[in-house]
J.: 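Pasting a structure here, questions to come.
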Number of protein chains: 2
Amino acid sequence: MNINIDFVNKLRTSGLRPTKQRLKICEVLFNTEKTFHFTVNDLSKIISEKLNQKISLATIYNTVHAFKKKGYLKEISMNSDKTYFDTNTTHHHHFFDSSTMKLIDLSDDQVEKIKINKALPGKKISSVEILVKVENE
Amino acid sequence: MNINIDFVNKLRTSGLRPTKQRLKICEVLFNTEKTFHFTVNDLSKIISEKLNQKISLATIYNTVHAFKKKGYLKEISMNSDKTYFDTNTTHHHHFFDSSTMKLIDLSDDQVEKIKINKALPGKKISSVEILVKVENE
DNA sequence: TACTTTCTTTAGAATCATTATAAACTATAA
DNA sequence: TTATAGTTTATAATGATTCTAAAGAAAGTA
């Protein structure tokens, strides 16, 4: 189980104990080819329905927030009743399809360099995120 | 009361009956020099605390949503436990100051033209919103 | 290995924003 | 006026998220 050793190290390095629950969540989130978007509820369903395992919702919330804090997940800025997370932590943007309510990645190099001609005194920019809303033609 | 006549017309034109509650909310939202950002809770507090009036929370929600639907308010895309609205309905962007948790307008012409080099087949862009997160230097 | 400490998980309760419900009320048009 | 359709309201319901406090598990030390 090479994968698990990687995750154990990843967690240890971050000061997080490699518990069964966290390792399982790592597998679901990071053991995939493609990155993806999810809500806590999605993740909970994957674990309980597809993997037939039980991890308390509180633990899933705790873990997702811990991973976000460590930079393994990004929270996506958009208003919705739910909070979306992204396993793609590189700098990128999003389309939001209002027809399907789905998020689609928009890579940073598919957007021409954004220049903000306004500075706020005493403040520094920590991120610039674009949300492109689309709908059916 | 010229102002009220304007609001009565505005509402009538939109197919909304000019009720006492809606007119009061119009005054709070649109009878100001500057546009501003608010949550439903903010609005509710202004009405009850500053104006010493009682409008049911349900009515405030209904009204804010009706105004949004008519294009008199914009909902701001950012994740927060609360939903922010903007009385500035022109096309513009936002700074979000993580230190103070406040939103600041970023006008469209203070951002150099954004070009998205990715098209989604069968979809058309309905909006492009930038959220610039800032923090204390 | 046994022990201690600290971290983690958990079920369930609590919170908070928002929406639904259904009855009372009001603007409008005939 | 009167009828109708639209509104307001208090309150209940919902749903996402966080809190709590007790039980369980990992890590460090002897």
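The model shown is predicted, which means the values in this text are computed figures rather than measured ones. Labels below follow one simple rule: chain letters A, B, ... track the order of the sequence lines, proteins then strands, and each chain is numbered from 1.
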J.: For side chain to side chain donor-acceptor pair (under 3.5 Å), just list the numbers for A:D109 and A:S107, CA-CA rounded to whole Å, side-chain angles, deciding distance to a tenth of an Å, and then say yes or no.
T.: CA-CA 5 Å; A:D109 48 64; A:S107 86; 3.1 Å; yes
J.: Considering only heavy atoms from C-beta outward, does the side chain of B:L73 approach that of B:T87 to under 4.5 Å?
T.: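 Heavy-atom side-chain distance check passes, below 4.5 Å.
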J.: With a cut-off of 6.0 Å (strictly less than), are more than 12 heavy atoms of other residues, nucleotides or ligands near NZ of B:K118?
T.: yes
J.: Can you name the residues that form a side chain to side chain contact (heavy atoms under 4.5 Å, CB included) with B:L57, not counting sequence neighbours?
T.: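 Result, side chain to side chain contact (heavy atoms under 4.5 Å, CB included) vs B:L57: B:V40, B:S44, B:Y61.
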J.: Heavy-atom contacts under 4.0 Å between residues 55-62 of chain B and DNA chain D, which residues?
T.: B:I55, B:S56, B:A58, B:T59, B:N62
J.: Tell me whether A:K10 forms a cation-pi arrangement with A:Y72, defined as NZ or CZ under 6.0 Å from the six-membered ring centre and within 45 degrees of its axis.
T.: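 A:K10 over A:Y72 ring: yes.
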J.: Compare every heavy atom of A:F85 with every heavy atom of A:K68, then report the nearest pair and how far apart it is.
T.: CD-CE2, 4.1 Å
J.: Quick one: how far along DNA chain D does chain B reach, first to last nucleotide 5' to 3', anything under 4.0 Å to a heavy atom?
T.: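 Listing 5' to 3', DNA chain D meets chain B from D:dA5 to D:dA10.
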J.: Using modelled atom types only, decide if a donor and an acceptor are shared between the side chain of A:T63 and the backbone of A:R22 within a distance under 3.5 Å.
T.: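 It does not hold such a pair.
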J.: Contact between A:S14 and A:F67 at the side-chain level, heavy atoms closer than 4.5 Å - yes or no?
T.: no
J.: Under 6.0 Å from the NZ atom of B:K45, do we count more than 12 heavy atoms belonging to anything else shown?
T.: no
J.: Do B:M78 and B:L103 have side-chain heavy atoms sitting under 4.5 Å apart?
T.: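 SC-SC contact between B:M78 and B:L103 confirmed.
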J.: Quick one: is C:dT18 close enough that its OP1 or OP2 comes under 4.0 Å of any side-chain N or O from B:T83?
T.: yes
J.: In degrees, rounded to 10°, what is the bend between the two ends of the helix from C:dT1-D:dA30 to C:dA30-D:dT1, using five pairs at each?
T.: 20°
J.: Check each residue of residues 64-74 of chain A for a non-hydrogen atom within less than 4.0 Å of any atom in DNA chain C, then write out the ones that pass by number, or none.
T.: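 Under 4.0 Å from DNA chain C: no residue of residues 64-74 of chain A.
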J.: What residues from residues 11-25 of chain A pass a heavy-atom cutoff of under 4.0 Å to DNA chain D?
T.: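 Heavy-atom cutoff 4.0 Å gives A:R12, A:R17, A:P18.
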J.: For the pair B:K74 (side chain) and B:T90 (backbone), establish whether a donor and an acceptor sit closer than 3.5 Å, ignoring hydrogens and angles.
T.: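 Confirmed, B:K74 side chain pairs with B:T90 backbone.
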